Amino acid sequence: MSSTLILDAAAIQRALTRIAHEIAERNAAGDDVVLIGIQRGGVHLARRLGASLRQILGHPVPTADLDVSMHRDDLDNQVAPAIHPTVIPFHVTGKTVVLVDDVLFRGRTTRAALDALNDFGRPRRVQLAVLIDRGHRELPIKADFVGKNVPTSLKERINVSLREDGGVDEVRLEKL
Amino acid sequence: MSWNRKHLLDIESLTADEITTVLDTARAFKAVGERAIKKVPALRGKTVVNLFVEPSTRTRISFELAAQRLTADVINFTAEASSLKKGETLKDTARNLEALNADFIIIRHSASGAPHFLSRFLKASVINAGDGAHEHPTQALLDVFTIRELKGRVAGLNVTILGDILYSRVARSNIWALLKLGAKVTLCGPATLVPRVFEEMGCRVTHQVEEAIAEADIINLLRIQHERQRKTMFPSIGEYTNLFGLTQARFNRTKPDVLVMHPGPINRGVEIDSELADCPRSVILQQVTNGLAVRMAVLFLLNGGKGPQELAT
């Protein structure tokens, strides 16, 4: 198995800072932006984006964790997935929700996230921020904010490692 | 995280890791029950049959609501209103239910081993909701879930199970689950209902109630199973209460942070003083809430594992 470095720690930091600025730019002041990280990959990224946005906007931006296991469309085809906590400590109705994930691939997770989010209320609008967009969408889903577009083949895998999980910050493309 | 089972038939054959997987999954489903919208689509399009050949209200309702909160369709089947009364065998009844494309059959039966029997020929997942005096796995899972939730752990705790152990499937399932998770289990009750043979499972057996509960972190009370006792195993209810009932006087000499559990239905004034059943140390109603979450977790886990990944195992 060969592995290519796509983003190192500094490049991840730059990408997240740029996304934070784009989120601030896209949404007018008073739009009530909240960040919801999708378990597991998006949770740490949402926290980091929240910290950046706080500096840019000058006020705290609420963040939350969303697990989509119960809303997946492939539960019949695999061993039951481990469920991670969903913690949304605010009302989503009327808010501008930015869903955050590490990798956008087939779009199935995002669809499940939209469904799961629906159980918590009716956001004013939902946007999608991802660190990596690797293509191969199977659903009409598109990211609003992308750290890096990485064209991939289906035989490749994107591996995002983050320091919050005890590793180093890096994104690698692995050929299986 | 590991779960590759198609059926939940007993606790005895589960590993500690599998039990922990159920408890961790149940924690997520408990959170679902606290939301405004308490329903998720995980079992959309699936059919769950409650096949209750022996009476039950709380377990059947709990399974029914668990299935509904997972968006499954539920059929309730009770022995009184069925062809079992007309002489149909359990096997034929189950096969007929499967012919309706049931995905899960939840069975309660007075005969030990009935769920295992069904699992040998049904394509549906079989869940044991209590078989005779053998096992009641989801009750044990909800009990250890409640203990872990309130005490932060199970390992190392002193758990005393007090009452009719011999005829209790709740006791057997609890003993297996508690020992696998590292708790120290003490059994207490009349000698006729708590024979020394349980020491072979790894439990401490005593017939002296004050001693049994003095160091307990958990007291799990069991009802006298009159319906299962072929002859009277103790002289009278009054004597049972005198010798083994959890009275206020006895409770006063337990640890200040002891938790009182009971799988229900409670016989107030027999195994427990009525006021104690409602005291702050009693977690009986929390057990009911947790039972729903645990049963959702069991259905969710059994629903997986039918795809290609199962072929590898």
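All chains are named by letter (A, B, ...) in the order of the sequence lines, taking the proteins before the strands, and each is independently numbered beginning at 1. Keep in mind that this is a model prediction, so the values were computed, not measured.
Distance check: B:Thr71 OG1 to A:His71 NE2 gives 8.0 Å after rounding to the nearest 0.5 Å.
Of the listed residues B:Pro41, B:Ala31, B:Ala28, the one with more heavy-atom pairs under 4.5 angstrom with chain A than any other is B:Pro41.
Residue-environment remark: CZ (B:Arg35) exceeds the threshold of 12 foreign heavy atoms within 6.0 Å. Shown here is A:Lys148, whose NZ atom has no more than 12 heavy atoms of other residues, nucleotides or ligands within 6.0 Å. By the 6.0 Å contact criterion, NZ on B:Lys39 is enclosed, its count of non-hydrogen atoms from other residues, nucleotides or ligands being greater than 12. With a 6.0 Å radius and a threshold of 12 heavy atoms from other residues, nucleotides or ligands, A:Glu138 has its CD atom above the threshold. No more than 12 heavy atoms of other residues, nucleotides or ligands lie within 6.0 Å of CZ in A:Arg54, so this atom counts as exposed by the packing criterion. Under a cut-off of 6.0 angstrom, the local environment of CD in B:Glu34 is crowded, with over 12 non-hydrogen atoms contributed by other residues, nucleotides or ligands. Within 6.0 Å of NE2 on A:His136 lie more than 12 heavy atoms contributed by other residues, nucleotides or ligands.
Within residues 93-128 of chain A, the residues having any heavy atom closer than 4.5 Å to a heavy atom of chain B are A:Asn118, A:Asp119, A:Phe120, listed by residue number.
Across B:Val40, B:Leu43, B:Leu70, a single residue satisfies side chain to side chain contact (heavy atoms under 4.5 Å, CB included) together with A:Met70, and that is B:Val40.
With a 4.5 angstrom heavy-atom cutoff, B:Lys38 does not touch chain A via any of its atoms.
Of the charged side-chain nitrogens involved, at least one lies within less than 4.0 Å of a carboxylate oxygen, so that B:Lys46 and A:Asp76 count as a salt-bridged pair.
Side chains of A:Pro81 and B:Phe300 form a contact here, defined as non-hydrogen atoms less than 4.5 Å apart. Using a 4.5 Å heavy-atom cutoff, the side chains of A:Ile83 and B:Arg27 are not in contact.
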